[in-house]
Protein chains: 2
Amino acid sequence: MPRKTDARARAIATAVRLFRIQGYTATGLTQIIDESGAPKGSFYFHFPRGKAQLAEEAIDHYVASRISLLREISANTAGHALKFVHQIFAAFAAEMVASDFQYGCLMQNLANELPALDAELTKRVARGFIDSTEIVAEHFRECGFASARASSTAAALVAAVEGARTIARLERTPAIFQALADVSVRGWAAPKG
Amino acid sequence: MPRKTDARARAIATAVRLFRIQGYTATGLTQIIDESGAPKGSFYFHFPRGKAQLAEEAIDHYVASRISLLREISANTAGHALKFVHQIFAAFAAEMVASDFQYGCLMQNLANELPALDAELTKRVARGFIDSTEIVAEHFRECGFASARASSTAAALVAAVEGARTIARLERTPAIFQALADVSVRGWAAPKG
DNA sequence: CACATTCTATGGCGATCACCATATTATGGC
DNA sequence: GCCATAATATGGTGATCGCCATAGAATGTG
């Protein structure tokens with residue numbers, strides 16, 4: 001009994017896209033169904049629990065791709081902490097430029113909208129951050145960082161990236177990523193340049 | 001012809017609160033009017049341009065209080081870059097703890113929801129970030145930072161704070177602010193602890 | 001009191017929301 | 001061809017959305 005259509009996958013991909021651009025609440029099922037190109041009638045066949053289930057799968061899909069990106073960068077910069085950091089900034093900056101700054105971070109959007117709406121989905125987003133932060137921390141440990149320091153550095157990096165995506169989207173330039181890269185080489189408030 | 005009631009001010013304050021908790025789209029005018037305690041009928045008397053105008057004033061109100069907070073911290077740490085940074089982290093962390101992590105940043109929420117909805121309001125949010133970043137940059141300049149470095153450090157700091165608020169809200173602990181404080185004293189990827 | 005202004009109340013506009021019951025068609029394995 | 005399942009189509013549920021027209025009540029100054 002294999003899947004016979006890709007309607008399901010397309011609905012998830014469209015949900016990811018629209019949630020990133022417009023947010024969760026602002027995106028109606030009608031629009032997702034329309035833009036996913038097909039069947040209005042079968043939505044609740046594929047997603048019996050409705051919008052919440054669609055969001056679950058959208059989160060999982062997004063988190064998986066985010067983690068695989070981080071893993072790839074980590075592999076490309078094995079043993080080099082600074083290179084790793086810079087390549088992360090560069091990758092996220094490049095993604096925003098490529099989309100003309102239309103796309104926000106799905107996890108960040110949901111992190112802001114879901115706490116008042118759905119505790120279960122909120123936990124799933126939180127888990128996504130924990131998991132992707134762990135990838136980063138692992139890289140730092142492999143660079144020789146002590147465990148505690150690797151964890152806090154990873155958390156700080158992930159937070160900085162999220163903030164940068166917010167700012168970059170507003171300013172429509174990747175300048176903030178460059179600013180973070182600069183700061184990362186000399187510390188935040190080092191006495192002299 | 002003085003103002004006779006505070007219905008207007010209460011509507012704005014309620015809008016700020018709900019936009020921070022639930023976001024812009026998820027917050028209906030009905031709820032704002034109800035929770036602001038009063039008059040349903042006079043909403044379009046006070047805000048002829050409707051929800052967009054209310055959002056404008058909510059943004060202005062929030063930005064003003066944010067800037068005044070930053071000014072206060074700047075005055076309290078004149079000449080000390082690191083103290084300034086740490087006190088900013090501490091202040092935002094404390095605010096989140098005090099609200100039991102229910103409140104997000106109004107500007108961040110709107111930054112994620114408005115680009116697809118209202119270009120004018122989006123510009124206003126962007127302006128709010130520019131203005132509050134400038135306060136931070138000014139402090140760094142007064143610490144002797146070169147102009148360009150002061151600007152990029154300020155931008156990085158603002159971005160990091162925003163990201164930290166997202167993470168802290170999900171994790172329901174201010175740990176991320178501590179992580180950022182730790183990183184700020186030693187640089188992001190310094191070779192050894 | 002007169003009277004303009006400020007504010008509040010009511011009811012409904014069309015549109016959209018998430019959701020679902022029902023019926024029909026396409027597609028497997030046998 | 002048979003038949004269960006997978007998938008699509010249609011139409012409508014009640015609720016809520018932002019918005020607004022109209023009318024009435026409260027409040028200030030002359």
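Model, not experiment: these values are computed from the prediction. Quick note on labels: first sequence line is chain A, next is B, and so on, each numbered from 1.
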Asker: What residues in residues 25-32 of chain A put a non-hydrogen atom under 4.0 Å from any atom of DNA chain C?
Answerer: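 Result for residues 25-32 of chain A: T27(A), G28(A), L29(A), T30(A), sorted by number.
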
Asker: In this structure, how many angstroms lie between the P atom of dT22(C) and the CZ atom of F43(A), rounded?
Answerer: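 Distance, rounded to whole Å: 20 Å.
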
Asker: Have E138(B) and S74(B) got a donor and an acceptor in their side chains that come within less than 3.5 Å?
Answerer: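 There is no such pair (donor and acceptor under 3.5 Å, judged by atom type) between the side chains of E138(B) and S74(B).
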
Asker: How many Å lie between CD on Q53(B) and C1' on dC19(D), as a whole number?
Answerer: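 Rounding to the nearest Å, CD of Q53(B) and C1' of dC19(D) are 14 Å apart.
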
Asker: Does anything in residues 10-22 of chain A come within less than 4.0 Å of DNA chain D? Heavy atoms only, and list the residues if so.
Answerer: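 Heavy-atom contacts with DNA chain D come from no residue of residues 10-22 of chain A; none.
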
Asker: What is the separation between atom CZ on F47(A) and atom P on dA7(D), rounded to the nearest whole Å?
Answerer: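 My rounded result for the distance is 11 Å.
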
Asker: Checking the side chain of T153(A) only, and the main-chain atoms of A150(A) only, is there a donor and an acceptor separated by less than 3.5 Å?
Answerer: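 No, because the side chain of T153(A) does not come within donor-acceptor range (under 3.5 Å) of the backbone of A150(A).
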
Asker: Under the side-chain contact (heavy atoms from CB on, under 4.5 Å) test, which residues partner E95(B), sequence neighbours left out?
Answerer: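 Counting only residues at least two positions away or on another chain, E95(B) forms a side-chain contact (heavy atoms from CB on, under 4.5 Å) with R20(B), R165(B).
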
Asker: Which nucleotide sits closest to the side chain of K51(A): dG18(D), dA18(C), dC7(C)?
Answerer: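 The closest nucleotide is dA18(C).
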
Asker: Hey, does I135(A) have a side-chain heavy atom less than 4.5 Å from the side chain of D131(A)?
Answerer: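 SC-SC contact between D131(A) and I135(A) ruled out.
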
Asker: Have a look at the helix from dC7(C)-dG24(D) to dC30(C)-dG1(D) and give the angle its two end axes make, five pairs each, rounded to 10 degrees.
Answerer: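 End-to-end axis angle: 20°.
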
Asker: Can you tell me if T122(A) uses its side chain to pair, donor with acceptor, with the backbone of L114(A) under 3.5 Å?
Answerer: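 Pair found, side chain donor or acceptor close to backbone of L114(A).
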
Asker: Mind telling me whether F145(A) and F140(A) have parallel, tilted or perpendicular rings, with 30° and 60° as the class edges?
Answerer: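 Answer is parallel, since the angle falls under 30°.
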
Asker: T25(A): what forms a side chain to side chain donor-acceptor pair (under 3.5 Å) with it, not counting sequence neighbours?
Answerer: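 T25(A): side chain to side chain donor-acceptor pair (under 3.5 Å) contacts with E113(A).
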
Asker: Please determine if a side-chain N or O atom of H46(B) lies less than 4.0 Å away from the OP1 or OP2 oxygen of dT6(C).
Answerer: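 No, H46(B) has no side-chain N/O under 4.0 Å of OP1/OP2 on dT6(C).
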
Asker: Of the nucleotides dT8(D), dA18(C), dT8(C), which one has an atom closest to the side chain of A7(A)?
Answerer: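 Between dT8(D), dA18(C), dT8(C), the one nearest the side chain of A7(A) would be dT8(D).
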
Asker: Rounded to whole angstroms, how far apart are CD1 on I33(A) and P on dT8(D)?
Answerer: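 Spelled out: CD1 on I33(A) to P on dT8(D) is 11 Å.
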
Asker: Would E57(A) and K51(A) count as a salt bridge (charged side-chain N to carboxylate O under 4.0 Å, His left out) here? Give the steps.
Answerer: CA-CA 10 Å; E57(A) 313 210 16; K51(A) 196 182 186 181; over 6 Å; no

Asker: Whether Y44(A) contacts dC20(C) is assessed here as follows: a side-chain N or O lying under 4.0 Å from the phosphate OP1 or OP2. Is that the case?
Answerer: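 The answer is no; no side-chain N or O of Y44(A) sits under 4.0 Å from OP1 or OP2.
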
Asker: Above 12 or not: heavy atoms from other molecules or residues under 6.0 Å from CZ of R127(B)?
Answerer: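 No - once you tally the heavy atoms of other residues, nucleotides and ligands closer than 6.0 Å, there are 12 at most.
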
Asker: In whole angstrom, give the distance that lies between atom CZ of F45(B) and atom C1' of dA4(C).
Answerer: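 Going from F45(B) (CZ) to dA4(C) (C1'), I get 13 Å.
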
Asker: Give me the one residue out of Q22(B), R17(B), E35(B) that meets side-chain hydrogen bond (donor to acceptor under 3.5 Å, both in side chains) with T27(B).
Answerer: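 Only one of Q22(B), R17(B), E35(B) forms a side-chain hydrogen bond (donor to acceptor under 3.5 Å, both in side chains) with T27(B), namely Q22(B).
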
Asker: Check each residue of residues 115-124 of chain B for a non-hydrogen atom within less than 4.0 Å of any atom in DNA chain D, then write out the ones that pass by number, or none.
Answerer: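 Residues of residues 115-124 of chain B that come under 4.0 Å of DNA chain D do not exist, since none gets that close.
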
Asker: Would one find a side-chain N or O of S42(B) under 4.0 angstrom from OP1 or OP2 of dC7(C)?
Answerer: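 Looking at the OP1 and OP2 atoms of dC7(C), neither is under 4.0 Å from any side-chain N or O of S42(B).
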
